[in-house]
Amino acid sequence: MPEGTPVLAAREGTVVDVEDGYREGGGEERYKGQENYVIVLHPDGTVGSYLHLRQHGVRVRPGQSVKTGDLLGESGSTG
């Protein structure tokens, strides 16, 4: 998907973790673990992970409730 594409929640839940500080990415080992992300805990105990988001593209914060279709962030190429 093109960078900047809206990333929407697939299911409702609570945001439990975010990272929004990385700006680069690539296939090199040095980028491993350096992706921006949003982690959502669903009511049934499963977790949704939204990875490789654009720097400053995360639009939610930990503790926030989200519904299906809510904007979580923007796609990027971090990590």
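Remember, predicted model here, so these are calculated numbers, not experimental data. What's counted below: heavy atoms across the whole structure, side chains too, no hydrogens, waters or symmetry copies.
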| request: Report yes if the side chains of I39 and V15 come closer than 4.5 Å at any heavy-atom pair, otherwise no. | output: no
| task | For the pair Q55 and Y22, evaluate side-chain contact (heavy atoms from CB on, under 4.5 Å) and give the outcome as yes or no after the intermediate values. | result | CA-CA 6 Å; Q55 183 184 29; Y22 296 109; over 6 Å; no
| field | Side-chain heavy-atom pair H42, V40 within 4.5 angstrom cut-off | value | yes
| request: Please name the pair of heavy atoms, one in L53 and one in T78, separated by the smallest distance, quoted to 0.1 Å. | output: O-OG1, 3.0 Å
| field | Under 3.5 Å donor-acceptor, R59 side chain and H56 backbone | value | yes
| message | Is there a side-chain contact between L8 and L71 in this structure, where contact means two heavy atoms from C-beta onward sitting under 4.5 Å apart? | response | yes
| field | Over all atoms of both residues, closest heavy-atom pair of T68 and A10 | value | CG2-O, 3.4 Å
| query | When you check the side-chain N and O atoms of Y37 and D20, is any donor under 3.5 Å from an acceptor? | reply | no
| message | Which heavy atom of L72 sits nearest to which heavy atom of V38, and what is that distance? | response | O-CG2, 4.1 Å
| remark: Here the gap from R23 atom CZ to Q34 atom CD, rounded to the nearest 0.5 Å, amounts to 11.0 Å
| query | Can you name the side-chain hydrogen bond (donor to acceptor under 3.5 Å, both in side chains) partners of E3, sequence neighbours left out? | reply | S77
| Smallest separation among heavy atoms of E35 and E19, with atom names | O-CG, 3.7 Å
| said: How close do E12 and P43 get, counting heavy atoms only, and between which atoms? | reply: O-CD, 3.5 Å
| Atom of P62, atom of V18 and distance for their closest heavy-atom approach | CD-CG2, 3.9 Å
| query | Distance-only, no hydrogens or angles: does the S75 side chain make a donor-acceptor pair with backbone N or O of T5 under 3.5 Å? | reply | yes
| field | Whether N36 side chain and L51 backbone form a donor-acceptor pair below 3.5 Å | value | no
| said: Return the OG to CG distance between S49 and D17, rounded to the nearest 0.5 Å. | reply: 9.5 Å
| task | Tell me, yes or no, whether the heavy-atom count around R11 atom CZ, taken from other residues, nucleotides or ligands under 6.0 Å, exceeds 12. | result | yes
